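Scope of the values below: all heavy atoms of this structure, side chains included, with no hydrogens, waters or symmetry mates. Here the structure is a predicted model, which is why all the values come from computation and not from measurement. Read the numbers this way: they start at 1 and go in the same order the structure lists the ligands and their atoms.
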Amino acid sequence: MSKFTLISFKLCPYVQRVAISLREKGIPFELVYVDFSDKPDWFKAISPLGKVPLLRVDEGSDTAVLFESSVILEYLEDIGEGRPMHPADPVETALQRGWMEFGSSLLADIWSLEIATGAAAYESAVVSLNRKLDRLENALGAGPFFNGTEFTFVDAVFAPAFRYFDVFDAFMERSILARFARVTAWRQALAQRPSVAEAVVPEYADLLHDFLRGKGAWLIHAANGRGVSAHA
Ligand SMILES: N[C@@H](CCC(=O)N[C@@H](CS)C(=O)NCC(=O)O)C(=O)O
């Protein structure tokens with residue numbers, strides 16, 4: 001079996017989806033964290049886009065460095081180690097790949113929310129998020145996971161997105177997710193999954209809080225004393 005090394009950044013949701021999938025498949029791996037405030041030369045040399053995650057695959061004297069999280073997930077499925085994380089039916093798999101892309105687009109809105117330093121940018125991110133969450137709510141079935149009882153790649157993609165709200169919610173009168181009942185139930189089921197819980201370092205919430213403070217996030221500053229809107 002190949003040896004796998006996941007090159008990571010502690011706050012990265014794209015890294016988490018790979019770590020969750022490796023754990024779900026029972027594939028052993030090592031973690032190497034990169035300091036983004038001072039990216040090392042070895043990292044710059046091997047990351048074509050200067051981004052994490054990278055999955056280094058060593059087999060004998062051969063080494064490959066895979067980049068782009070969704071490509072890495074498909075690779076993990078292709079090698080057939082552990083249990084499948086795509087549905088058996090090709091149409092279901094194609095739909096699942098679409099929702100994985102949707103998950104990345106939700107992460108883009110979450111990023112806009114994080115880095116908003118004023119009310120207008122913040123409210124615009126909330127509007128966009130709410131629109132997507134409404135779509136997601138209507139796409140969900142009886143659960144507990146996206147495809148029912150089996151935990152698949154879509155779950156691995158959305159779990160890190162929902163994790164942000166564990167920190168955001170502390171600054172809000174009411175969670176942005178609260179009015180979406182099926183999304184909320186899904187969020188709770190994902191949070192209880194060991195692969196999800198173990199995909200971040202114990203100090204994750206503190207690091208995210210520091211990041212938001214460092215960015216001067218409206219999310220934090222506007223919340224002082226009154227809470228920020230979840231309803232824009
Ligand atoms: N499309 C990429 C996105 C990965 C990504 O945006 N990674 C961020 C961290 S979460 C990154 O490495 N950014 C580089 C930087 O901030 O300098 C993927 O799916 O792997």
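With salt bridges taken as basic N to acidic carboxylate O contacts below 4.0 Å, one links R213 and D210.
A ring-centre distance under 6.0 Å is found for W186 and F162.
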Between Y33 and K10, is a side-chain contact (heavy atoms from CB on, under 4.5 Å) present by the stated rule, with each step listed?
CA-CA 7 Å; Y33 291 106; K10 288 180 182 169; 3.6 Å; yes

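At a heavy-atom cutoff of 4.0 Å, ligand 1 is surrounded by C12, P13, Y14, F36, K39, G50, K51, V52, P53, E68, S69.
Between F153 and H86, the ring-plane angle classifies as perpendicular under the 30° and 60° cut-offs.
Residue R97 qualifies as enclosed at atom CZ: its count of foreign heavy atoms under 6.0 Å is above 12.
Cation-pi check for R187 over F165 is not met; the charged atom does not lie both under 6.0 angstrom from the ring centroid and within 45 degrees of its normal.
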